[in-house]
Amino acid sequence: MKKNTRDDIVRLVEEEDVEFIRLQFTDMFGHLKNIAITANQLEKALDNRCTFDGSSIDGFVGIEESDMYLHPDLSTLEIFPWRPQQGKVARMICDIYRPDGTPFEGDPRFVLRRALKEAAEMGYTFEVGPECEFFLFDTDENGMPTTRTHEQAGYFDIGPLDGGENARRDIVMTLEEMGLIIEASHHEIAPAQHEVDFRYDEALVTADNLMTFKLAVRTIAKRHGLHATFMPKPLYGVNGSGMHINMSLHREGRNLFEDKQDPNGLSREAYYFIGGIMKHIKGMAAITNQLVNSYKRLVPGYAAPVYIAWSATNRSPLIRIPADRGGNTRIELRSPDSASNPYLTLAVCLKAGLDGIANRIEPPGSVDCNIYTMTEKERRALGIEHLPGTLMEAIEELKRDPFILDVLGEHVAEKYIAAKEKEWQQYRAYVSQWEIREYLYRY
């Protein structure tokens with residue numbers, strides 16, 4: 001994390017000929033928002049005096065209490081590489097405050113900050129590495145997105161089969177210009193599907209990086225005449241896009257999940273962390289998989305987790321322990337998708353794991369065979385449950401988990417549940433083409 005001072009910001013803006021500064025924040029559903037100011041308003045922004053109408057943002061506040069203040073995080077200043085080199089455009093990510101100077105409890109970044117503060121009080125640093133998948137589709141003659149693609153590439157394929165290779169290369173180079181360290185990128189399993197992985201970092205930095213990542217991917221894709229989407233399941237019959245989250249806890253530079261004496265190389269803290277996530281995963285699902293469409297990815301047959309289990313050896317369970325042990329020991333949660341709000345997702349993951357540690361929640365035994373090939377009877381015998389099958393099931397599970405509701409806080413929980421129930425009702429009322437095809441002729 002950069003340690004910019006106020007003077008650093010003023011000097012950089014002047015030296016780099018920055019003309020516009022975007023003050024960015026994220027709404028409850030993970031949508032990036034901003035207001036733009038010119039460089040001559042920078043001092044006002046640095047004094048935390050820039051305001052916006054919070055009543056215009058879904059899930060924030062009512063019209064009677066609409067004024068919100070943006071407090072820029074000085075460590076997040078970045079110049080957009082894709083904007084003009086004269087009169088450059090930069091951004092700072094902001095925290096949201098009320099007029100009385102208190103943090104706004106509906107700010108997702110605040111929810112994560114609060115969880116991280118509690119972890120710090122326990123002596124923990126939470127480090128996270130995401131694996132982000134997305135699709136690159138063609139656009140139509142008006143530049144609008146489609147689900148069409150002319151490529152038929154698969155896992156790890158290269159050009160010319162990989163039709164998105166040039167766009168992905170430019171995405172990686174742009175992200176590196178913005179300070180992200182990219183560890184790997186490649187074509188994924190489905191045609192037009194891609195993955196870019198960036199380096200582990202502290203959770204708040206990672207959440208900020210995920211928002212930067214999505215913006216850069218969409219922007220560079222558009223410059224290539226493509227549309228980038230993080231929709232979990234845009235196509236029937238192929239794999240959907242996930243965002244596997246690799247997590248570890250550290251204290252004084254030491255990875256607390258490592259234990260060389262354990263057969264799996266895992267410490268008691270690691271086992272308890274797994275136990276906490278497994279206990280709360282149903283209540284977390286509405287956050288980690290927030291769309292109606294998310295649950296069309298979480299079905300058997302498409303490499304996405306369906307069943308609540310963990311393993312140190314195979315990839316079919318919800319949680320796996322990657323082979324790299326020692327100081328790199330980590331827990332990989334495979335259910336989240338890239339459409340989720342990263343601040344809320346990392347907050348519920350951290351707190352669920354900490355609940356496991358605090359209450360010494362032992363996970364069930366490792367399931368080291370392919371769960372998808374088991375019969376339902378075999379899964380029941382092992383006590384293997386499944387994730388919610390729809391958004392509405394996930395919302396009901398969230399309502400039944402007071403711990404996860406408390407992580408979100410009353411404001412976010414109430415507004416979020418109401419919005420998702422509305423989304424589900426709209427979906428229920430919609431007549432799909434599948435229904436027309438299946439029923440119109442027969443009935």
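Treat the numbers as computed from the prediction; the structure is a model and nothing was measured.
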Task: Intermediate values then yes/no, side chain to side chain contact (heavy atoms under 4.5 Å, CB included), Tyr272 and Glu362 - done: CA-CA 5 Å; Tyr272 296 148; Glu362 290 280 359; 3.5 Å; yes
Open item on the list: Under a 3.5 Å distance rule, please check whether Asp47 uses its side chain to pair with a backbone N or O of Arg49 as donor and acceptor.
Closed with: no
Open item on the list: Can you classify the ring geometry of Trp424 versus Tyr427 as parallel (below 30°), tilted (30 to 60°) or perpendicular (above 60°)?
Closed with: tilted
TODO: Ignoring hydrogens and angles, state whether a donor on the side chain of Thr373 or Asn370 is under 3.5 Å from an acceptor on the partner side chain.
DONE: no
TODO: Give a yes or no answer on whether the side chain of Lys33 reaches the backbone of Ile57 with a donor-acceptor pair at less than 3.5 Å.
DONE: no
Open item on the list: With a 3.5 Å distance limit and no angle check, can you tell me whether Glu177 reaches the backbone of Thr174 through a side-chain donor-acceptor pair?
Closed with: no
Open item on the list: Looking at Leu74, is its backbone amide N or carbonyl O close enough to the side chain of Asn4 to form a donor-acceptor pair, meaning the two atoms are under 3.5 Å apart?
Closed with: yes
Open item on the list: Test your reading of the model: is there a side-chain donor-acceptor pair from His71 to the backbone of Cys94, 3.5 Å cut-off?
Closed with: no
TODO: Kindly indicate, with the supporting measurements, whether the criterion side chain to side chain donor-acceptor pair (under 3.5 Å) is fulfilled by Asp337 and Ser294.
DONE: CA-CA 7 Å; Asp337 58 56; Ser294 296; 2.9 Å; yes
Open item on the list: Between Asp8 and Thr5, is the side chain to side chain donor-acceptor pair (under 3.5 Å) condition met? List the steps.
Closed with: CA-CA 5 Å; Asp8 292 334; Thr5 66; 3.1 Å; yes
Task: Tyr307/His386 aromatic ring centres below 6.0 Å - done: no
Open item on the list: Between Glu385 and Arg380, does any NZ, NE, NH1 or NH2 come within less than 4.0 Å of an OD or OE carboxylate oxygen?
Closed with: no
Open item on the list: Are Phe25 and Phe52 an aromatic pair, judged by ring center distance below 6.0 Å?
Closed with: yes
Open item on the list: Any side-chain to backbone donor/acceptor pair from Thr206 onto Glu202? Under 3.5 Å, distance only.
Closed with: yes
Open item on the list: Using modelled atom types and a 3.5 Å cut-off, is there a donor and acceptor pairing between side-chain atoms of Thr229 and backbone atoms of Met231?
Closed with: yes
TODO: Please state whether the rings of His31 and Phe29 are parallel, tilted or perpendicular, taking 30° and 60° as the class boundaries.
DONE: tilted
Task: NZ or CZ of Lys420 within 45° of Tyr416 ring axis and under 6.0 Å - done: yes
TODO: Examine His186 together with Tyr155 and report whether their ring centres are nearer than 6.0 Å.
DONE: yes
- [ ] Any chance you could lay out the ring pair (Phe, Tyr, Trp, His ring centres under 6.0 Å) test for His411 and Phe104, step after step, and finish with the verdict?
- [x] CA-CA 10 Å; His411 180 99; Phe104 173 48; 5.2 Å; yes
Open item on the list: Check whether Thr125 reaches the backbone of Arg251 with its side chain - one donor and one acceptor, N or O, closer than 3.5 Å.
Closed with: no
Task: Whether Asn359 side chain and Asp355 backbone form a donor-acceptor pair below 3.5 Å - done: yes
TODO: Quickly, which of Asp208, Asp73, Asp107 forms a salt bridge (Lys or Arg N to Asp or Glu O under 4.0 Å) with Arg113? Name it, please.
DONE: Asp73
Open item on the list: Quick test of your reading of the model: are Lys88 and Glu16 salt-bridged, counting only N-O distances below 4.0 Å?
Closed with: yes
Task: Contact summary for Arg379 and Ile371, nearest pair of heavy atoms - done: NH1-O, 3.2 Å
Open item on the list: Between Arg168 and Glu195, does any NZ, NE, NH1 or NH2 come within less than 4.0 Å of an OD or OE carboxylate oxygen?
Closed with: no
- [ ] Might you work through the side chain to side chain contact (heavy atoms under 4.5 Å, CB included) test for Phe273 and Leu256, ending with a clear yes or no?
- [x] CA-CA 11 Å; Phe273 198 94; Leu256 296 179; over 6 Å; no
Task: Salt bridge Glu43-Arg6, side-chain N to carboxylate O under 4.0 Å - done: yes
- [ ] Indicate the atoms forming the closest heavy-atom contact of Val10 with Leu42, along with that distance.
- [x] CA-CD2, 4.0 Å
Task: Over-ring placement of Lys279 relative to Phe403, 6.0 Å and 45° cut-offs - done: no
Open item on the list: Pair Glu165, Arg169 - check salt bridge (Lys or Arg N to Asp or Glu O under 4.0 Å), show working.
Closed with: CA-CA 6 Å; Glu165 186 177 59; Arg169 180 198 61 214; over 6 Å; no
Open item on the list: For the residue pair Thr313 / Asp368, report whether a side-chain donor-acceptor contact shorter than 3.5 Å exists.
Closed with: yes
TODO: Return yes if a side-chain donor-acceptor contact under 3.5 Å exists between Gln193 and Ser241, otherwise no.
DONE: yes
Task: Pairing of Glu332 and Arg320 as salt bridge, 4.0 angstrom limit - done: yes
Task: Main-chain N/O of Val407 paired to Arg114 side chain as donor or acceptor, under 3.5 Å - done: yes
Task: Heavy atoms of other groups near Arg360 CZ, more than 12 under 6.0 Å - done: no
- [ ] Might you point out which heavy atoms bring Leu249 and Phe126 nearest each other, and give the distance in Å?
- [x] CD2-CD1, 3.9 Å
Open item on the list: Can you confirm if the NZ or CZ of Arg22 lies within 45° of the ring axis of Phe20 and under 6.0 Å from the centre of its six-membered ring?
Closed with: no
- [ ] Could you tell me whether the side chains of Asn341 and Gln290 share a donor-acceptor contact shorter than 3.5 Å?
- [x] no
- [ ] Specify the closest pair of heavy atoms between Trp310 and Pro363, including all atoms of both residues, with the distance to one decimal.
- [x] NE1-CB, 3.9 Å
TODO: Count the heavy atoms belonging to other residues, nucleotides or ligands that lie under 6.0 Å from CE of Met122, then report whether that count exceeds 12.
DONE: yes
